[in-house]
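The structure under discussion appears below in the form of structure tokens.
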Amino acid sequence: MLSKQLYIGGKLITSDATTEIINPATLEIVGEISAAGINEANMALESAQEAFSSWSTTPAIERAQWMLKLRDAVIANEQHLRECVHLEMAKPWQSTADDFQMLVDSLNFYADAIVNIADEEIKDNEGTHSHVLSREPVGVAAAFLAWNFPLLNLAYKLGPAMAAGCPLVVKPSSKTPLSAYAVGELCEQIGLPAGVVNILSGMDSTVGDAISASTIPSVLTLIGSTNVGKHVIATGATSIKRYSMELGGNAPAIVCSDANLDNAADVICGVKFANAGQICVTPNRVFVHESVADEFIEKVLTRAKAVKVGFDKNEAIDMGPVMDANSWQRIDELVKDAQQNGAQLQLGGKKPTGVNGYFYEPTVLTNVDSSMKIYKDEIFGPVISIIIFSDNEQVLSDANDTDAGLSSFIFSSNEDTISYFAKHLRFGEVQVNGIKYSINLPHFGIKQSGVGVDCSLLALDDYLAYKRVSRALKV
């Protein structure tokens, strides 16, 4: 069993309280962490505040060197970091590589990016002044992380905050804190300056709210649900803060009559059953043109039946369990509600036989419509909901009929059709005939799916403030 400590002020410390970490596949205790309370939250905030004056003025090249030193420690401890993710989420071993690699990529990318940022000159129309636009760290940042990608979500925040010169207080989910705590061990191991990174997990209602309500953070950043985002903004209103939030999604996938159906089925099933569907950008509503619906459904069913479900580090597992009993129950209620209101269950809809954990079978529903909860709510589970359409204008209206605006998908071979949907879909991301995410590609939502940016150079803007210096040329 793994045992982990808090990382605050450059030291690993033990608190009075502990939290047991349960593997959702086996229901066994796989770890125990020192859990934070309000005192530890305040310690972390004060430590970050104390570090700001020195870290913010540390030359960018030196901050980058510390990041690369941490990157080297991460690479040297790959097996342990992946093991933490594997145990705390029961994520298939092969899939833990994605979490791990994003942390390496983030430290690399932002270490390089920050040393290449230069001041900008602004032309003076009258020629009487010179103007220089520079950027400087905003202040302390506090990051709240979702449980679905423990290391990847940490990577999205750690890289740009460290590079920008903003000391960071990280609160990983209490469901999956092991891997983040392990990164804290590496920060301590390399001697990272005290307070630059602080990692603690505890109850949202106490630790989370204490961090949000504090006047110390200048930035509150979050990966989570829209409701959690609203709560953090409300509790954070004790002072003027910046917010950077990637929130819930309700992604449409539109499969047109001229789509490559094998490709569409591969992409949709791939991202829908990966991580047991617990991905904010995964297709939530799959709209299929009536002329290809039967053929497409058969292709989806073939792929869904081939998904290997389980938990075994030594086997090629495709899909693990959902996170906990509440997740399982919520998914099952959505599936049952859909069936009671006319949807047809083509596959799945129950727990696999012979397992103890929170597994839910790969599930396919057809005849789904807008009256059903599963159409309106983010499923966050391994369920494909299929809606048949006949008219492009109507399906565009249906696809946009949601408060969410994170990701969307188009499958078509016609450039005019692609351009039409790409222009008019009201989502931060439009994925055409595939899916691609990378540290250099901006990731963001509109409407109720968030503010700010994760990944890419644009993410630095969430942690940097602009300063204009104007100088009279003649005095």
Side-chain angles (χ1 to χ4, degrees), residues 92 94-95 98 249-310 316-320 322 331 334-335 338 343-349 352 360-369 372 374-375 378-390 392 395-396 398-399 406-415 417-418 421-422 425 427 429-437:
Q94 293 85 347
S95 299
D98 296 332
N250 187 2
I254 301 173
V255 182
C256 299
S257 59
D258 56 2
N260 180 322
L261 298 184
D262 283 312
N263 175 63
D266 284 342
V267 172
I268 291 171
C269 290
V271 71
K272 194 64 193 180
F273 299 132
N275 214 40
Q278 299 168 128
I279 308 174
C280 54
V281 299
T282 192
N284 213 55
R285 299 164 295 152
V286 180
F287 297 93
V288 185
H289 193 271
E290 60 184 2
S291 65
V292 295
D294 290 344
E295 185 180 357
F296 177 77
I297 290 168
E298 283 303 313
K299 291 180 182 296
V300 166
L301 289 172
T302 298
R303 287 157 176 77
K305 291 173 183 176
V307 173
K308 186 171 183 178
V309 178
I317 301 296
D318 298 310
M319 193 180 90
V322 298
I331 294 164
L334 288 174
V335 171
Q344 296 178 356
L345 181 67
Q346 301 291 342
L347 185 71
Y360 202 89
E361 289 184 342
T363 298
V364 179
L365 289 168
T366 57
N367 203 36
V368 173
D369 63 43
M372 302 170 187
I374 205 164
Y375 181 99
E378 186 175 21
I379 302 168
F380 226 61
V383 182
I384 293 179
S385 298
I386 296 177
I387 306 103
I388 296 175
F389 77 93
S390 59
N392 281 359
V395 76
L396 175 65
D398 293 342
L406 192 56
S407 189
S408 58
F409 298 80
I410 306 164
F411 296 92
S412 173
S413 60
N414 184 285
E415 286 301 320
T417 301
I418 291 170
F421 283 116
L425 280 168
F427 296 84
E429 298 167 0
V430 180
Q431 306 272 0
V432 180
N433 291 329
I435 182 170
K436 181 65 182 287
Y437 287 94

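Everything numeric here is computed off the predicted structure, so don't read it as measured data.
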Taking every non-hydrogen atom, the tightest pair across Thr282 and Ala251: O-CB, 3.5 Å
Derivation and outcome, side-chain contact (heavy atoms from CB on, under 4.5 Å), residues Ile386 and Val368: CA-CA 6 Å; Ile386 296 177; Val368 173; 5.9 Å; no
Leu345 side, atom CG; Asn367 side, atom CG - distance, nearest 0.5 Å: 12.5 Å
Heavy-atom check, side chain of Ser95 versus side chain of Ile317, under 4.5 Å: no
Candidate pair Leu347 and Lys305, rule side-chain contact (heavy atoms from CB on, under 4.5 Å), full reasoning: CA-CA 8 Å; Leu347 185 71; Lys305 291 173 183 176; 3.9 Å; yes
Side chain Ser408, main chain Glu429, donor-acceptor under 3.5 Å: yes
4.5 Å side-chain heavy-atom contact, Tyr375 and Leu365: no
Separation of Phe411 CZ from Ile254 CD1 (nearest 0.5 Å): 10.5 Å
From CD1 (Ile418) to CD (Glu415), nearest 0.5 Å: 4.5 Å
Heavy-atom check, side chain of Val432 versus side chain of Phe421, under 4.5 Å: no
Closest non-hydrogen atom pair between Gly381 and Ile331, with its separation: CA-CD1, 3.6 Å
Shortest non-hydrogen contact between Ala253 and Pro283, atoms and distance: CB-CB, 3.9 Å
Pairwise side-chain contact, Lys272 with Pro362, heavy-atom cut-off 4.5 Å (strictly under): no
Minimum heavy-atom distance Ala343-Met372, with the two atoms named: N-CE, 3.5 Å
Rounded distance [0.5 Å steps], CG in Asn392 versus CG in Leu396: 8.5 Å
Asp318 (side chain) donor-acceptor with Phe273 (main chain) under 3.5 angstrom: no
Distance in Å, Glu295 CD paired with His289 NE2, rounded so as to fall on 0.5 Å steps: 13.5 Å
Under 3.5 Å side-chain donor-acceptor pair for Glu290 and Ser390: no
Intermediate values then yes/no, side-chain contact (heavy atoms from CB on, under 4.5 Å), Val300 and Arg303: CA-CA 5 Å; Val300 166; Arg303 287 157 176 77; 6.0 Å; no
Min side-chain heavy-atom separation Asn433-Asn260 under 4.5 Å: no
Check against side-chain contact (heavy atoms from CB on, under 4.5 Å), Cys269 and Ile384: CA-CA 8 Å; Cys269 290; Ile384 293 179; 3.9 Å; yes
Atom pair OG/CG of Ser407 and Asn284 - distance to nearest 0.5 Å: 11.0 Å
4.5 Å side-chain heavy-atom contact, Lys299 and Thr302: no
Student check: side-chain heavy atoms of Glu378 and Asn250 closer than 4.5 Å: no
Side chains of Arg285 and Pro252 in contact at under 4.5 Å (non-hydrogen atoms): yes
Heavy-atom pair of closest approach, residues Val383 and Ile374: CG1-CD1, 3.9 Å
Nearest heavy-atom neighbours spanning Val292 and Cys256: CG2-O, 4.0 Å
